[in-house]
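Just so you know, these numbers come straight off a predicted model, no measurement behind them.
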Amino acid sequence: MAPAEEEITQLEIMAPAEEEKQEEPVVVDADETPDVEQAADKPEDEPTPAAATEEPVAAAEEPAAAGDEDKKKIHMKVSADAPWSERMWEVFTTFWPLGFVAFGGPQAHVAILRDHLVEQRDWLDEEQFTELFAIGQGLPGPTSTQLVISTATSRAGPLGGLMAFFLWNLPGLIVLTCCGVLIDEFVNPDEAPWYLAGLPPAAISLVFKAFYGFASKLDSLQIWMALCSSLVAILINNDANIKPSSSQWVFPCCLALGGLTTYIDSKRANPFSTYTKSPSKGWDRDDDTTFKRIGIPLWVGALIFLVWGGVLALVIILVDVAEVTNVYLEIFETMYRIGSIIFGGGQVVLPMLQDEVVPDWMTKDQFLQGLGLAQSMPGPLFNFASYLGAVYQGVPGALVGFLGLFGPGVILIFAMVPFWARLRHNAAFKAILKGVNATAIGLVGAACVILWESAIVDAADAMVFAVSLTMAIVFSVQAPICIFVGGVIGAILHPDALDLGQVPYCEDQGFIKDPNEDDRLRKLAAFYFTGMM
């Protein structure tokens with residue numbers, strides 16, 4: 001047999017042997033045995049032709065696979081069992097840059113957090129992240145901020161959670177506080193400058209987008225509940241015999257009735273809505289390592305709940321019963337009370353805030369201008385509280401408003417984490433939560449109606465609204481870009497520029513009418529009635 005043929009035969013023999021070495025031995029012809037033995041007698045550092053061919057490929061594949069894995073976990077530098085100081089530093093380096101890029105609202109915030117904490121840093125697995133997200137959805141306050149706090153707390157304890165909270169909100173807090181102070185000092189509240197004219201309608205378009213996203217996920221029962229709460233909110237804000245301030249107790253009652261409705265429905269043999277079963281085995285069901293890192297025992301969680309309720313009762317008594325006159329206490333009581341009853345995130349809080357601060361703290365235009373700025377900033381919409389406080393009472397008012405609106409959500413997320421592993425399997429709790437969320441979504445729909453009437457004054461505003469809404473919903477353009485484009489279009493159409501679309505739709509007292517309009521309508525009605533007879 002020629003040397004080349006011997007080499008080919010040897011490769012053909014060794015390849016099946018490599019692939020089927022666990023199944024059956026390879027039978028080698030007698031006349032080829034000396035060749036195999038000769039290959040076996042070669043030095044170990046001199047590979048056979050097959051080995052020389054296959055080993056470099058394997059060696060190349062292993063680094064490639066390792067490289068792909070490293071790219072996903074490239075930032076994973078601190079193990080879960082590392083000293084507390086190292087984990088605190090990791091929390092700082094993680095959330096400091098995220099505070100500057102968290103644009104796009106709660107859904108975008110959750111996607112950013114998942115990418116950084118689950119995919120890149122491997123802090124939690126998918127199930128843990130989803131369950132912590134569910135905690136935030138079930139509590140009053142900003143969901144994305146509560147997710148930030150809970151994930152950081154699971155990594156570095158309560159101090160890690162507090163640090164992540166401030167880092168996540170710091171950029172928006174600083175910018176909106178400065179804007180609130182400057183608008184109060186340099187902008188005429190009765191006549192908005194040209195460069196702010198397009199912000200209110202652009203901001204309202206994002207509220208419509210949020211309502212569309214929320215409502216599209218409701219079932220038939222939830223839609224009816226959302227409609228009822230929406231009608232109640234619209235009525236409160238547009239009836240001469242009902243004070244808008246009654247929303248501070250009407251809205252919580254709506255939320256409670258919503259939860260009671262779905263709880264009763266869940267007990268029926270054939271419920272109108274669909275109620276999911278308890279989820280699969282949750283994190284730390286058998287292993288309490290994460291709860292040890294959290295460092296909040298059950299009794300401390302219960303105490304934190306009492307602190308939240310005690311502060312709420314105290315500020316309400318001081319302001320409404322004892323009638324203590326202190327402007328900063330007023331700001332804190334307003335924000336803390338709203339933050340304690342609001343479910344569904346920043347968009348739901350808008351009608352409540354408007355009822356409380358307009359016109360006592362600021363004008364309608366100042367409120368809407370700040371809303372546009374808040375929509376274009378990174379971080380949660382709850383940072384809007386710092387703007388409202390700054391317009392009313394400067395920098396101290398901004399800090400008090402910020403702490404007041406965020407305070408309940410922050411307190412409750414720390415209180416809830418130790419109890420969640422048990423509550424998440426409670427069918428009654430989940431059923432109540434479904435009704436509360438549906439009712440809160442109805443308040444977002446009411447905000448669309450109420451804020452539309454305030455923000456869309458003329459055709460130019462409507463044009464800005466249409467463009468921004470199309471960009472946000474159809475083309476999925478991020479919120480800051482929608483706000484910026486709306487501001488540019490509003491500035492171009494402003495009377496100081498092209499002066500286009502400036503005919504108003506209505507006045508504060510009602511629709512603008514031609515003096516002869518009523519008579520013309522009566523004649524037209526009589527004409528149609530005569531024709532039908």
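Remark: Gln393 engages no residue in a side chain to side chain donor-acceptor pair (under 3.5 Å) (not counting sequence neighbours). Under the side chain to side chain contact (heavy atoms under 4.5 Å, CB included) criterion, Leu235 pairs with Asp239, Ile242, not counting sequence neighbours. Residues meeting the side chain to side chain contact (heavy atoms under 4.5 Å, CB included) test with Ile264, sequence neighbours left out: Leu260. For the side chain to side chain donor-acceptor pair (under 3.5 Å) test, no residue two or more places apart in sequence or in another chain qualifies with Trp452. Looking at residues two or more places apart in sequence or on another chain, you find a side chain to side chain contact (heavy atoms under 4.5 Å, CB included) between Ile174 and Leu170, Cys178. With sequence neighbours left out, Asp219 forms a salt bridge (charged side-chain N to carboxylate O under 4.0 Å, His left out) with Lys434.
Residue pairs meeting the salt bridge (charged side-chain N to carboxylate O under 4.0 Å, His left out) criterion with at least one partner in residues 254-266, sequence neighbours excluded, are Asp265-Arg268. Sorted by first then second residue, the ring pair (Phe, Tyr, Trp, His ring centres under 6.0 Å) pairs that include residues 350-369, not counting sequence neighbours, are Trp361-Tyr392, Phe367-Phe384. Listed by first and then second residue, the side chain to side chain donor-acceptor pair (under 3.5 Å) pairs involving residues 297-310 are Trp308-Ser340 (not counting sequence neighbours). Pairs passing the ring pair (Phe, Tyr, Trp, His ring centres under 6.0 Å) check and including a residue from residues 311-332, sequence neighbours excluded, read Phe332-Tyr336.
In this structure the side chain of Arg337 reaches within 4.5 angstrom of the side chain of Glu356, judged on heavy atoms. No side-chain heavy atom of Ile149 sits less than 4.5 Å from a side-chain heavy atom of Trp168. Put simply, the side chain of Leu368 does not reach to within 4.5 Å of the side chain of Leu199, judged on heavy atoms.
Met362 CE: more than 12 foreign heavy atoms inside a 6.0 Å radius.
For an aromatic pair to be called close, the ring centres must be under 6.0 Å apart, and Phe95 with Phe166 fails this.
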| field | Residues Phe402, Asn169; criterion side-chain contact (heavy atoms from CB on, under 4.5 Å); working and verdict | value | CA-CA 10 Å; Phe402 175 85; Asn169 293 287; 3.9 Å; yes
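Using a distance-only test at 3.5 Å, with no hydrogens or angles considered, no donor-acceptor pair links the side chain of Glu333 to the main chain of Leu314.
Nearest heavy atoms, Asn326 versus Leu329: OD1-N, 3.0 Å.
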With a cut-off of 3.5 Å and sequence neighbours excluded, list every side-chain donor-acceptor pair involving residues 464-471.
{"residue": "Ser468", "atom": "OG", "partner": "Val464", "partner atom": "O", "Å": "3.1"}
{"residue": "Thr470", "atom": "OG1", "partner": "Ala466", "partner atom": "O", "Å": "2.8"}

Using distance only, find each side-chain donor-acceptor pair of residues 438-445 under 3.5 Å and give its atom names and separation, not counting sequence neighbours.
{"residue": "Thr439", "atom": "OG1", "partner": "Gly435", "partner atom": "O", "Å": "2.9"}

